[in-house]
Amino acid sequence: AKVLLEVAREDRALGQYEGFNETLTTNAAGVWVARDLPETIGSGSVACYSLDAIDGAFFPMTEMHSIEDIRHWGVALRLERGVPMTVTVLDSAGKPAKGATLEVGNDWNVLNRFPPAPVDEAGRVTVGLKAGLSVPASVKAPGFAPQQLTLTAGESPQTVKLKAATPLTIRVVDKAGKPAAGARVF
């Protein structure tokens, strides 16, 4: 399992806020250790996740009110393994799509989203969904258009056949109509 630790420290007198996050992997005993924490922390949150224990479009974060309490009492995070759901990703020729990933959820601008799950050599990826859960997902592979789908716990395995991507060219210019080299397009 992975543990996401997000901590922040605020100095109101100076009007400064600093925060950082770190993703840690649990060891064989399920233990994680954050070694590089500041001595004092104003706030923070912690979460654990595993692609075989998906219980929503993104994993829940637990707020920490005092790092001292956690250092003293510890914290236990619990994961419940889900119902296996297999997705097979094929390219437009019907062969396993190399480099394809399955992404759970539909908001890619949040810290607590599940990481992409890569397919195996046969184009398959299996995730575990909480019983009764339906969650949006998308499949992506280099050279192919992304495809959205809904994963529902307990349903039959799904097969996604990707279509070739269609390039889109955008020209960015300044007020005078001259090319704006180095501009970022979102």
Can you give me the closest heavy-atom contact between [X] and [Y], atom names plus distance?
{"X": "T101", "Y": "P116", "answer": "CB-CB, 3.8 Å"}
{"X": "G56", "Y": "V104", "answer": "O-CG1, 4.1 Å"}
{"X": "L162", "Y": "A141", "answer": "CD1-CB, 3.6 Å"}
{"X": "A153", "Y": "G132", "answer": "CB-N, 3.8 Å"}
{"X": "R124", "Y": "T88", "answer": "CG-OG1, 3.3 Å"}
{"X": "P142", "Y": "K98", "answer": "CD-O, 3.9 Å"}

message = Between the side chains of E80 and K130, is the shortest nitrogen-to-carboxylate-oxygen separation below 4.0 Å, so that they form an ion pair?
response = no
inquiry  = Using the side chain to side chain donor-acceptor pair (under 3.5 Å) criterion, which residues pair with S50? Sequence neighbours excluded.
reply    = D52
ask   = If you measure from CE on M85 to CG on L133, what distance do you get to the nearest 0.5 Å?
value = 11.0 Å
request  = Report the residues that fulfil ring pair (Phe, Tyr, Trp, His ring centres under 6.0 Å) with F59, sequence neighbours left out, ordered by chain and then residue number.
outcome  = Y49, F114
Derivation of the side-chain contact (heavy atoms from CB on, under 4.5 Å) call for S138 and Q148 = CA-CA 4 Å; S138 61; Q148 297 195 349; 4.3 Å; yes
query = Would a hydrophobic clustering, with Ile, Leu, Val, Met, Phe, Trp and Tyr connected at side-chain separations under 4.5 Å, put L51 with V83?
reply = no
inquiry  = Given V135, which partner from the list L151, V127, D55, T152 fulfils the side-chain contact (heavy atoms from CB on, under 4.5 Å) test?
reply    = L151
ask   = Checking side-chain contact (heavy atoms from CB on, under 4.5 Å) against T159, which of V87, V89, T86, L90 comes through?
value = L90
task = Report yes or no: does Q147 contribute a side-chain atom to a donor-acceptor pair with the main-chain N or O of K163 at less than 3.5 Å?
result = no
Side-chain donor-acceptor contacts of residues 169-186 below 3.5 Å, not counting sequence neighbours, with atom names and distances?
residue	atom	partner	partner atom	Å
D174	OD1	A176	N	3.0
D174	OD1	G177	N	3.1
D174	OD1	K178	N	2.9

